[in-house]
Amino acid sequence: MTPTILLTGKTGQLGSELNRLLPTLGKVIAPGRNELDLREPEKIREIMRNAKPQLVVNAAAYTAVDAAETDESTASAVNAEAPRLLAMEAKQIGALLVHFSTDYVFDGAKKTSYLETDAPNPLNAYGRSKFAGEQAIRDSGVAHLICRTSWVYATHGRNFLLTILRLGTQREELKIVADQVGAPTCAFDLAEATTRIVAGIIAAPKGELACQQLAGTYHMTAAGLTTWYEFAKAILEEAGRAPQTLSWLTSATNGHPLVARRVLPISTEEFRSPTRRPAYSVLSNERLKQAFGVTLPDWREQLRSCFSPERSVFNPPAAFSPR
Ligand SMILES: NC(=O)c1ccc[n+]([C@@H]2O[C@H](COP(=O)([O-])OP(=O)(O)OC[C@H]3O[C@@H](n4cnc5c(N)ncnc54)[C@H](OP(=O)(O)O)[C@@H]3O)[C@@H](O)[C@H]2O)c1
């Protein structure tokens, strides 16, 4: 079976990587925001009814965490209402919905890795909208995979990696929050893991994912944990060692040399963000490993790979055996 796959968010960090990988598995229909604005319910219905996909991969989201505080209605339309409609439409045609959510559904009060069974308690508007999206998908009864990830970055887009590289060309000293703990996850590795899982689902007997058994919520992040402060130091270290001819690096630094010499740890309080964020949001990936045999590399290894001129080429697995 060559499935039709509807992919949203193809211009995003994760969506652009998926748009590169998913065509190895099926016919990908990837409307841009101009063709499918997720704030427009009619458009969602129209695209779903015309495309009749077997698989829907929703990589689109309202991800501006600070802006969501003052624009919760848009965050909610894109992150909760749109997934609800996608789920209802997918259910009607028997499609599987693959959706992404966030570590920010948790309040960070825990001191050990969060499990899928831990109760969410989002601290901010973005987290609330994403949790509402998760709930809507579960309530719809559609066959689904909800993959919660964290601290996503890529060599394009808007993210911490590119911010640190830009600031690193402008300031000798950077002050970075050192009391939030999480797992920075590279969109490349996230997309590869997702594609491996989807490849397995497609290759499974009758293409059905053993869907009813394996459907559900999974944590999907880099292995290991760190703080924004340690992450920033690692970024500058890798950038200092990397070939300066890397095209994404040149564009991140605008061709300017890195001048940052010191990274100083500060507290969340000193950073004075208007948005509350969890102090600890490390997610256990054990369930993902048990169900699909998939693990993502350690965060430091993922970061190092970004600076390597050659990245691994995706090879879909020949067969998939649900565990
Ligand atoms: N970024 C993180 O740190 C992070 C952390 C945890 C979980 N996640 C989750 O991981 C997933 C992927 O995130 P990401 O970082 O790849 O996001 P991203 O880079 O911000 O990309 C978001 C995508 O959604 C699209 N989009 C936003 N509003 C839309 C609308 N109204 N209609 C249609 N498309 C719209 C954007 O299109 P335009 O290019 O046109 O704006 C873009 O393609 C999301 O579910 C996110 O919640 C992200």
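Being a predicted model, the structure only gives us computed values, none of them experimental. In listed order, ligands and their atoms are each counted from 1. Residue numbers run from 1 in the order of the sequence given.
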> Measuring from each atom of ligand 1, which residues have a heavy atom under 4.0 Å away?
Replying inline: Gly9, Thr11, Gly12, Gln13, Leu14, Arg33, Leu36, Asp37, Leu38, Arg39, Ala59, Ala60, Ala61, Thr63, Val78, Phe100, Ser101, Thr102, Tyr126, Lys130, Thr149, Ser150, Trp151, Val152
> Cut-off 3.5 Å, side chains only: do Asn58 and Thr8 have a donor facing an acceptor?
Replying inline: yes
>> Between Glu238 and Arg304, does any side-chain N to carboxylate O distance fall below 4.0 Å?
In response: yes
> Strictly under 6.0 Å, is that where the ring centroids of Trp151 and Tyr104 end up?
Replying inline: no
> Can you tell which of Glu134, Lys130, His219 makes a side chain to side chain donor-acceptor pair (under 3.5 Å) with Ser101?
Replying inline: Glu134
> Gln290 and Arg287: side-chain donor and acceptor closer than 3.5 Å?
Replying inline: no
> Do the side chain of Glu230 and the main chain of Thr227 share a donor and acceptor less than 3.5 angstrom apart?
Replying inline: no
